[in-house]
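What follows is a single structure, written as structure tokens, with notes after it.
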Amino acid sequence: MRTSTVLTIGAFLLLAGCDRASRKSAAAAPPPPPPPLPVVAITDVPPPPTPDVELKPGSNLGIVAQEAYGHERFSGFLSVINGITDPTRIRDGTELKTPAIPIAFQEAGVDATYQPAINALAKAATDYFAQSGAFRGALTASTESGKPELSSAVTAAFISSADAVDAAVAVLEGAAPPHTVPKKSIEQFRQASAHLRKLAKGDIATDDYTQDTVGQRFGLGFTNAILWTKDGHQ
């Protein structure tokens with residue numbers, strides 16, 4: 001009886017030790033690597049409808065940003081590339097540059113190390129906005145559950161855009177001295193990716209909130225990134 005008890009206790013301790021080792025191994029497992037960065041040329045990113053826009057009476061930077069880049073939150077990006085320090089004092093008739101996003105970064109002096117990541121981010125944003133109308137249509141036609149039936153094209157575009165964002169963020173996180181990591185931009189782009197994946201699953205909080213959030217995050221991400229670029233990547 002004593003021998004059996006000792007063996008039972010020994011087996012229990014052995015299993016417990018294996019379980020602890022297993023948990024420790026799982027906790028120490030490195031995170032999965034980011035997706036490969038897609039190869040995107042500057043010319044692969046479609047530019048806004050016009051390279052320059054005249055600010056008309058009743059218009060503002062948010063309206064121009066919405067038409068040029070897909071969301072009013074690109075107004076900060078628009079301000080930076082046009083050297084506008086006080087958007088509240090901009091006058092009617094002002095000519096605004098609205099270049100393609102990669103070109104704006106190139107003209108701002110982005111380091112060649114980051115240009116491919118910027119290109120990929122810009123393509124991800126334009127691909128998302130190109131499918132946002134189809135998503136909204138599916139949402140409008142959805143059942144009372146509120147979960148839209150998305151086409152394979154919309155789902156694939158959202159997932160592909162999220163993958164491209166994650167890959168580009170990994171590049172920006174690798175910024176090394178004398179450059180600093182653009183943490184503010186990275187946080188916005190990460191949130192854009194997370195919301196894109198929710199949209200791809202048809203998982204949304206309200207009719208428009210998640211979809212609008214993606215546009216916001218892209219706009220703020222590029223605004224912070226262009227400021228980082230103009231500040232010598234600091």
With sequence neighbours excluded, give me every salt bridge (charged side-chain N to carboxylate O under 4.0 Å, His left out) pair touching residues 60-87. none

Does Pro99 have any side chain to side chain contact (heavy atoms under 4.5 Å, CB included) partners at least two apart in sequence or in another chain, and if so, which? Tyr69, Ile81, Lys97, Ile103, Ala104

Cut-off 3.5 Å, side chains only: do Asp166 and Ser193 have a donor facing an acceptor? yes

Going by side chain to side chain contact (heavy atoms under 4.5 Å, CB included), name the residues that satisfy it together with Asp163, two or more places apart in sequence or in a different chain. Pro35, Ile159, Arg197

Could you note down all residue pairs passing salt bridge (charged side-chain N to carboxylate O under 4.0 Å, His left out) where residues 221-234 supplies at least one of them, sequence neighbours left out? none

ILVMFWY clustering at 4.5 Å (side-chain atoms), partners of Val39: none

Can you give each donor-acceptor pair under 3.5 Å made by side-chain atoms of residues 168-182, sequence neighbours left out, with the distance rounded to 0.1 Å?
from: Glu173; atom 1: OE2; to: Arg190; atom 2: NH2; distance (Å): 2.1
from: His179; atom 1: ND1; to: Tyr114; atom 2: OH; distance (Å): 2.8
from: Thr180; atom 1: OG1; to: His233; atom 2: O; distance (Å): 3.3

Residues in side chain to side chain contact (heavy atoms under 4.5 Å, CB included) contact with Thr113, at least two apart in sequence or another chain: Asp111

Residues forming a side chain to side chain donor-acceptor pair (under 3.5 Å) with Thr229, sequence neighbours excluded: none

Suppose we screen for side chain to side chain contact (heavy atoms under 4.5 Å, CB included). Which residues come up paired with Lys201, at least two apart in sequence or across chains? Asp203

Supply the members, apart from Val40, of the Ile/Leu/Val/Met/Phe/Trp/Tyr cluster built from side-chain contacts under 4.5 Å; use none for a lone residue. Val45

Can you give each donor-acceptor pair under 3.5 Å made by side-chain atoms of residues 51-64, sequence neighbours left out, with the distance rounded to 0.1 Å?
from: Asn60; atom 1: OD1; to: Gly62; atom 2: N; distance (Å): 3.0
from: Asn60; atom 1: OD1; to: Ile63; atom 2: N; distance (Å): 2.9

According to ring-ring contact (aromatic ring centres under 6.0 Å, His included), does anything in residues 45-67 pair up with another residue at least two apart or in another chain? List the pairs. none

